[in-house]
Asks: 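My questions will all concern the structure given below.
Quick caveat: nothing in here was measured; it's all calculated off a predicted structure.
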Amino acid sequence: MAKNMPFVVRFQLPSGAHSFQDLVYGWTHHDVASVEGDPVILKGDGFPTYHLANVVDDYKMAVSHVLRGEEWLISTTKHLLLYQALGWHPPEYAHLPLLLNKDGSKLSKRQGDIFIQHFVQKGYLPDTLLDIITNCGSGFSGNQTGRTLPELIQQYNLQSISTHSALLDLEKLPEFSRVHLTRWIEGADTRAQLVAQLQTLLQEKFKDLIFDREYIERILVLRKGHLNILTDLLSPDYSYLWVRPAVHQEDLHGLSSEASDIGRLVVQCVSLSAFVFSFMLGNPCMRPGGLSRKDV
């Protein structure tokens with residue numbers, strides 16, 4: 001320091017293993033002094049490391065419980081000793097098991113499709129992601145599909161969290177999504193949000209067309225329970241809902257040499273169906289309640 005040379009500040013750890021009780025893992029102890037040595041708490045540029053900043057920040061915010069991933073379990077001894085050195089009362093700690101891929105490997109940003117933004121762009125609702133993540137973990141009563149945030153808050157129990165890692169099975173995501181999308185379609189306020197979203201998506205896809213909000217709402221109600229995500233309605237399977245199909249005579253004959261005959265039969269069937277329907281509407285015998293005395 002007299003020579004004005006760069007330096008760091010370390011926290012001198014007492015030797016020996018120090019025990020503490022974790023709310024999930026129970027009593028645990030780590031001899032960090034012999035394994036890691038004295039940790040740096042202020043770097044050469046005067047900026048604090050995570051260990052010091054985390055302790056000071058939690059204390060200043062009067063945090064009572066710290067819930068974090070199990071990878072921080074081994075560092076908790078250092079944090080508790082810092083609390084002790086500063087003369088502060090520490091919060092309670094609960095370390096949570098990790099969320100892993102279905103095969104037990106760690107989630108990685110290299111996977112690309114694991115970012116929240118990826119699911120947002122695909123059209124998955126926030127409720128869907130929250131539901132599937134909490135479903136594969138622990139801390140809630142049973143494995144149920146379709147739970148909302150208020151229901152999860154009501155069911156949450158810290159004492160029921162297990163130490164086993166949670167395996168994220170994204171193959172079940174469409175099933176979870178269908179349940180929540182159906183619920184959104186059933187709710188008036190949430191359905192209005194879906195209509196607005198779908199109207200924007202349709203105008204981006206079919207730039208020269210104008211789509212009526214009431215028509216879009218009718219389509220959503222009609223396909224309720226059949227859609228996994230909102231963008232399903234933009235797939236080729238549903239294009240007939242938004243644009244008039246254009247089929248040329250040559251295309252039909254390429255499918256069948258009897259295309260013209262089939263077309264005439266279809267027209268006859270449609271005409272007959274329309275006649276039967278109008279007959280049912282006009283015939284009192286076909287009305288609910290049958291014949292009245294006056295009809296007789």
Side-chain angles (χ1 to χ4, degrees), residues 1 5-100 106-109 116 126 129-143 147-168:
M1 291 178 69
M5 295 175 62
F7 64 92
V8 299
V9 176
R10 294 180 179 272
F11 178 54
Q12 187 175 20
L13 292 173
S15 59
H18 299 267
S19 300
F20 68 94
Q21 187 171 23
D22 186 82
L23 295 176
V24 173
Y25 283 83
W27 283 101
T28 182
H29 59 274
H30 299 284
D31 187 357
V32 288
S34 61
V35 176
E36 300 181 27
D38 297 336
V40 174
I41 56 173
L42 281 178
K43 295 186 288 186
D45 58 3
F47 203 79
T49 61
Y50 171 79
H51 300 299
L52 178 61
N54 144 69
V55 167
V56 173
D57 193 43
D58 285 353
Y59 174 76
K60 291 292 186 181
M61 292 195 298
V63 170
S64 62
H65 291 72
V66 174
L67 278 69
R68 58 189 183 186
E70 66 176 10
E71 67 268 27
W72 289 104
L73 189 62
I74 195 170
S75 296
T76 306
T77 298
K78 285 182 280 194
H79 301 159
L80 289 171
L81 289 170
L82 274 168
Y83 273 104
Q84 181 179 319
L86 294 167
W88 296 340
H89 182 73
E92 293 192 75
Y93 285 90
H95 288 83
L96 310 177
L98 299 180
L99 185 65
L100 305 175
K106 285 189 175 182
L107 299 178
S108 170
K109 60 184 179 182
I116 293 294
L129 295 180
L130 183 64
D131 191 17
I132 194 171
I133 290 172
T134 52
N135 189 272
C136 68
S138 56
F140 304 92
S141 55
N143 290 329
R147 288 180 294 198
T148 61
L149 182 57
E151 292 170 335
L152 289 167
I153 292 172
Q154 187 68 30
Q155 293 181 13
Y156 184 67
N157 181 9
L158 184 59
Q159 279 67 44
S160 66
I161 295 178
S162 71
T163 57
H164 302 292
S165 294
L167 302 181
L168 181 60

Asks: List the atom of Leu42, the atom of Val40, and the distance in Å for their closest heavy-atom pair.
Replies: O-CG1, 3.4 Å

Asks: Hey, what do you get for NE2 (His30) to CG (Leu80), rounding to the nearest 0.5 Å?
Replies: 10.5 Å

Asks: In the structure I gave you, are the side-chain heavy atoms of Gln84 and Leu81 within less than 4.5 Å of one another anywhere?
Replies: yes

Asks: Exactly one of Asn54, Val32, Ile41 should register a side-chain contact (heavy atoms from CB on, under 4.5 Å) with Lys78. Which one does?
Replies: Val32

Asks: Looking at Ser165 and Leu100, would you say the former's side chain and the latter's main chain have a donor-acceptor pair under 3.5 Å?
Replies: no

Asks: Can you name the closest pair of heavy atoms from Ala33 and Ser15 and give their distance?
Replies: CB-CA, 4.2 Å

Asks: Taking all non-hydrogen atoms of both residues, which atom of Pro91 and which atom of Val63 are closest, and how far apart?
Replies: CB-O, 3.4 Å

Asks: Can you tell me how far the CG atom of Leu23 sits from the NE2 atom of His65, to the nearest 0.5 Å?
Replies: 6.0 Å

Asks: Should we count CD of Glu71 as having more than 12 external heavy atoms under 6.0 Å?
Replies: yes

Asks: What are the two closest heavy atoms between Ser19 and His29, and how far apart are they?
Replies: OG-CB, 3.4 Å

Asks: Which pair of non-hydrogen atoms, one from Gly139 and one from Ser160, has the smallest distance, and what is that distance?
Replies: CA-OG, 3.2 Å

Asks: Rounded to the nearest 0.5 Å, what's the gap from CG on Asn157 to CZ on Phe140? Could you check?
Replies: 10.0 Å

Asks: Would you name the heavy atoms of Ala166 and Gly137 that are closest together and state the gap between them?
Replies: CB-CA, 3.7 Å

Asks: Between atom CZ of Phe47 and atom CG of Leu52, what is the distance when rounded to the nearest 0.5 Å?
Replies: 11.0 Å

Asks: Just wondering, do Tyr25 and Glu70 contact through their side chains at under 4.5 Å, heavy atoms?
Replies: yes

Asks: Quick check: do Leu67 and Leu158 have side-chain heavy atoms less than 4.5 Å from each other?
Replies: yes

Asks: Yes or no on side-chain contact (heavy atoms from CB on, under 4.5 Å) for Leu167 and Cys136, after CA distance, side-chain angles and deciding distance?
Replies: CA-CA 6 Å; Leu167 302 181; Cys136 68; 5.9 Å; no

Asks: Does Ser75 reach the side chain of His51, with side-chain heavy atoms less than 4.5 Å apart?
Replies: yes

Asks: Once the angle between the rings of Tyr50 and His79 is folded into 0 to 90°, is it parallel (under 30°), tilted (30 to 60°) or perpendicular (over 60°)?
Replies: perpendicular

Asks: Residues two or more places apart in sequence or in another chain: which of them pass ring pair (Phe, Tyr, Trp, His ring centres under 6.0 Å) with Tyr83?
Replies: none

Asks: How many angstroms lie between CG in Leu82 and CH2 in Trp88, if you round to the nearest 0.5 Å?
Replies: 9.0 Å

Asks: Kindly compute the distance separating OG1 (Thr76) from CG (Asp22), expressed to the nearest 0.5 Å.
Replies: 7.0 Å

Asks: Heavy-atom distance under 4.5 Å between the side chains of Pro97 and Ile161, does that happen here?
Replies: yes

Asks: What do you reckon, is CE of Met61 surrounded by more than 12 foreign heavy atoms closer than 6.0 Å?
Replies: yes

Asks: Can a donor-acceptor pair be found, under 3.5 Å and without considering hydrogens, that links the side chain of Asp38 to the backbone of Arg10?
Replies: no

Asks: With sequence neighbours left out, what residues match Phe7 under ring pair (Phe, Tyr, Trp, His ring centres under 6.0 Å)?
Replies: none

Asks: Suppose we screen for side chain to side chain donor-acceptor pair (under 3.5 Å). Which residues come up paired with Asp57, at least two apart in sequence or across chains?
Replies: none

Asks: Report yes if the side chains of Thr77 and Glu36 come closer than 4.5 Å at any heavy-atom pair, otherwise no.
Replies: no

